[in-house]
Number of protein chains: 2
Amino acid sequence: MKQPMEPSFPRPLATVDVVIFTVLDERLHVLLVQRLDDADDPFPGMWALPGGFVDIDKDRDLEACAKRKLREKTGVTSPYLEQLGSWGSTKRDPRGWAATHVYFALIPADPVVLEKGANAQDVRWFPVTGKNVVKKLAFDHAMILDTALERLRNKVEYTSLPVYLLPDEFTLSDLQRVYEIVLERPIEKSAFRTRVLSSDMVEAVSKMREGANRPAQLYRLKNPGSLVYFPRTFKPRREMD
Amino acid sequence: MKQPMEPSFPRPLATVDVVIFTVLDERLHVLLVQRLDDADDPFPGMWALPGGFVDIDKDRDLEACAKRKLREKTGVTSPYLEQLGSWGSTKRDPRGWAATHVYFALIPADPVVLEKGANAQDVRWFPVTGKNVVKKLAFDHAMILDTALERLRNKVEYTSLPVYLLPDEFTLSDLQRVYEIVLERPIEKSAFRTRVLSSDMVEAVSKMREGANRPAQLYRLKNPGSLVYFPRTFKPRREMD
DNA sequence: CTAAGATAGTTGCACAATAGCACTAAGTAA
DNA sequence: TTACTTAGTGCTATTGTGCAACTATCTTAG
């Protein structure tokens, strides 16, 4: 009943996919690529999460593989990157037993220029509202995207995650707006400011943001790359499930 | 610079490992197996997390594979099972590029009889205190176990996770004790009871637990298998990192 | 020069939830 | 009946929040 420990045992396919989020035009967007029409790959012409096979020559480890795929599509080299999970089964890929390691990334919209690369027909940002994005995605990517959205929205309730959707320097109003965009509900200004400032996650920059109205204080992250956990969610009476 | 989409692309090894926790003698324990001495497998004689190659004939999906491995060692068929993450790199297995999908399971200590199976020399519960368990584990399992412990302790702060370390029926004192064992610190009784009861996660059973002292009310889970998220951690001023 | 409009940021109060600690309740055993 | 042990409750100070009004600082129109 036991399996042999030989490495020659038949191996599943191994891929890495990345769910890349950004905020564009006051809305959350996710990056999708359109698969080639004429290839004899599965799901031709359909939209999918960016990703592909692990390259055992090029990729030191899974995270490096995810970073490479992100860089190839967006040029971004230092995103917020976190593992979302892995999905493997005999049915999710018509070519056979396949397992994908999924990461999710947050990047600021600013400097991004999309590149479709050789394997894709098109690359595009898709707005995300409520639950659905595109009805049908290749493989089980629609389900994976749902899971990523759930994780994002859930984690935003009690962490500093959304800073990674903004450029290095930002105002507290900017930050609050991103929280509201992701959570799709307004947040109390006073409570928000108290929480963010008392969490010690940001420090003031000497500059102020110019504009048509009163200039706002600019802040930046104290520990770039790290996550701050708030002691509670924004709306205590709301279920966190 | 792009990878070919052919499924014949060289594939990494794919394994599944399970971090199995239980409470024994008022202490948290983890299940480890000792690898065969005489095999020409890597890390002979060393202790490791239970796991092994994905069997593309036997295992419908990754979770089924994890459940199978848990069942083979402990006989337990309905544990709390959650994905911990995946680790893959060119260095973690001397046989080549290997990726492991790791799950973590919580089971009640009661009915468990360990079975070492054909691939192991020994199976045993190891107490977990502070950080380290056994100095050296096979592969990168020591690091994986650390991550599992961190996740467990972190999640216990604000969820109902520890119920899955208890039998179906338990008292609130039992439950509090498990929290204290995992977190390695005392918890305020009154606050604890209020939180658990107001979260609506348990329902009273008509029986009472007999004993030398005042009998305690027995409770059971309202929605077995589910997790309840509390609105905040047990100690608000403590960092959750 | 002044007033209007907009965004930034603060203050005060009522309310809800919890930590901390002391207290009561219900059993056993001498 | 008293001592002991574990189960369970009550009270209060503190803390964070929702809410809403208030002040501050800029630009632009007239």
Side-chain angles (χ1 to χ4, degrees), chain A residues 26 156-160 166 169-181 183 185-220 228-240, chain B residues 26 156-160 166 169-181 183 185-220 228-240:
Chain A
E26 307 280 292
V156 162
E157 293 277 2
Y158 59 92
T159 71
S160 59
L166 291 174
E169 302 192 342
F170 50 86
T171 69
L172 289 190
S173 301
D174 293 339
L175 188 55
Q176 184 177 346
R177 197 164 304 116
V178 184
Y179 272 90
E180 292 174 335
I181 288 169
L183 294 177
R185 70 161 193 268
I187 289 180
E188 232 293 309
K189 180 166 60 164
S190 161
F192 180 81
R193 301 177 76 90
T194 311
R195 282 180 62 147
V196 170
L197 292 176
S198 72
S199 79
D200 211 43
M201 55 180 268
V202 294
E203 59 189 359
V205 179
S206 54
K207 293 169 280 182
M208 298 294 239
R209 162 166 309 170
E210 310 287 326
N213 308 304
R214 173 175 176 178
Q217 177 66 52
L218 280 173
Y219 291 88
R220 68 164 164 238
V228 172
Y229 289 79
F230 301 130
R232 52 185 303 167
T233 59
F234 277 102
K235 285 219 161 183
R237 276 172 290 294
R238 195 173 158 280
E239 281 302 309
M240 272 181 58
Chain B
E26 307 278 293
V156 162
E157 293 276 4
Y158 58 93
T159 71
S160 59
L166 291 175
E169 303 193 343
F170 50 86
T171 69
L172 288 190
S173 301
D174 292 341
L175 188 56
Q176 183 177 347
R177 198 164 305 119
V178 183
Y179 272 89
E180 292 174 336
I181 288 168
L183 295 177
R185 72 161 192 266
I187 289 180
E188 232 293 311
K189 180 167 57 164
S190 165
F192 180 80
R193 302 177 75 90
T194 311
R195 284 181 61 146
V196 170
L197 292 177
S198 72
S199 78
D200 211 43
M201 55 179 268
V202 294
E203 59 189 0
V205 179
S206 54
K207 292 169 280 181
M208 299 292 241
R209 162 165 310 170
E210 310 287 326
N213 308 305
R214 174 175 175 176
Q217 178 64 251
L218 279 173
Y219 292 89
R220 69 165 163 239
V228 172
Y229 289 78
F230 301 130
R232 52 185 302 166
T233 58
F234 276 104
K235 285 217 162 183
R237 276 171 290 291
R238 193 175 159 281
E239 282 303 310
M240 273 179 57

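This is a predicted model, so every value here is computed, not measured. Below, chains carry the letters A, B, ... as their sequence lines are ordered, and counting in each starts from 1.
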_Could you tell me how far apart A:Arg185 (CZ) and D:dG18 (C1') are, to the nearest whole angstrom?_
13 Å
*asked:* In this structure, how many angstroms lie between the P atom of D:dG16 and the CD1 atom of A:Ile187, rounded?
replied: 18 Å
*Set of residues satisfying salt bridge (charged side-chain N to carboxylate O under 4.0 Å, His left out) with respect to A:Glu169, sequence neighbours excluded*: A:Lys207
*What's the verdict on side chain to side chain contact (heavy atoms under 4.5 Å, CB included) for B:Tyr219 and B:Leu197, showing C-alpha distance, side-chain angles and the deciding distance?*
CA-CA 10 Å; B:Tyr219 292 89; B:Leu197 292 177; 3.9 Å; yes
*Step by step, work out the side chain to side chain contact (heavy atoms under 4.5 Å, CB included) result for B:Leu175 and B:Met201.*
CA-CA 12 Å; B:Leu175 188 56; B:Met201 55 179 268; 4.2 Å; yes
*Looking at C:dG9, D:dA20, D:dA7, which one has an atom nearest to any side-chain atom of A:Arg193?*
C:dG9
*asked:* Let me confirm one number: the CG-CG distance from A:Asp174 to A:Leu218, rounded to the nearest 0.5 Å.
replied: 8.0 Å
*Taking for each residue the nucleotide of DNA chain C with the nearest heavy atom, is it A:Thr194 or A:Ala216 whose nucleotide lies nearer the 5' end?*
A:Ala216
*Length of the OH-C1' vector between A:Tyr219 and C:dA8, whole Å*: 10 Å
*Consider the side chain of B:Arg195, meaning its heavy atoms from C-beta on, and name the nucleotide among C:dG9, C:dT18, D:dG8 that approaches it most closely.*
C:dT18
*Might you confirm whether atom CD of A:Glu210 has over 12 heavy atoms from other residues, nucleotides or ligands at distances under 6.0 Å?*
no
*Which is true for B:Ser190 with a 4.0 Å heavy-atom rule: it touches a base, it touches only sugar-phosphate, or it touches nothing?*
base
Could you write out each protein N or O paired with an N or O of nucleotides 2-4 of chain C at a distance under 3.5 Å?
none

*Go through D:dG18, D:dG8, C:dA8 for me and flag the one nearest to the B:Lys189 side chain.*
D:dG8
*Which pair of non-hydrogen atoms, one from B:Arg220 and one from B:Phe170, has the smallest distance, and what is that distance?*
CA-CE2, 4.2 Å
*asked:* Using 0.5 Å steps for rounding, measure from the CD atom of A:Gln176 to the CD atom of A:Glu188.
replied: 8.0 Å
*Would you kindly give the CD-to-P distance between B:Glu180 and D:dT6, to the nearest whole Å?*
13 Å
*Verdict with reasoning, A:Met208 to A:Gln217, per side chain to side chain contact (heavy atoms under 4.5 Å, CB included)*: CA-CA 5 Å; A:Met208 298 294 239; A:Gln217 177 66 52; 3.4 Å; yes
_Output the rounded distance in Å from CZ (B:Phe192) to C1' (D:dT6)._
16 Å
*Length of the CD-P vector between B:Gln176 and D:dA7, whole Å*: 9 Å
Check: protein-nucleotides 26-28 of chain D nitrogen or oxygen pairs below 3.5 Å:
| residue | atom | partner | partner atom | Å |
| --- | --- | --- | --- | --- |
| D:dT27 | O4' | A:Ala212 | O | 2.5 |

*Return no unless some side-chain N or O of A:Ser173 is found under 4.0 Å from OP1 or OP2 of C:dA8.*
yes
*May I have the distance from B:Arg209 (atom CZ) to C:dT28 (atom P), rounded to whole angstrom?*
16 Å
*For B:Glu157 and C:dT18, give me the distance from atom CD to atom P, rounded to whole Å.*
15 Å
*asked:* Students often mix this up, so state it plainly: with edges at 30° and 60°, are the rings of B:Phe192 and B:Tyr179 parallel, tilted or perpendicular?
replied: perpendicular
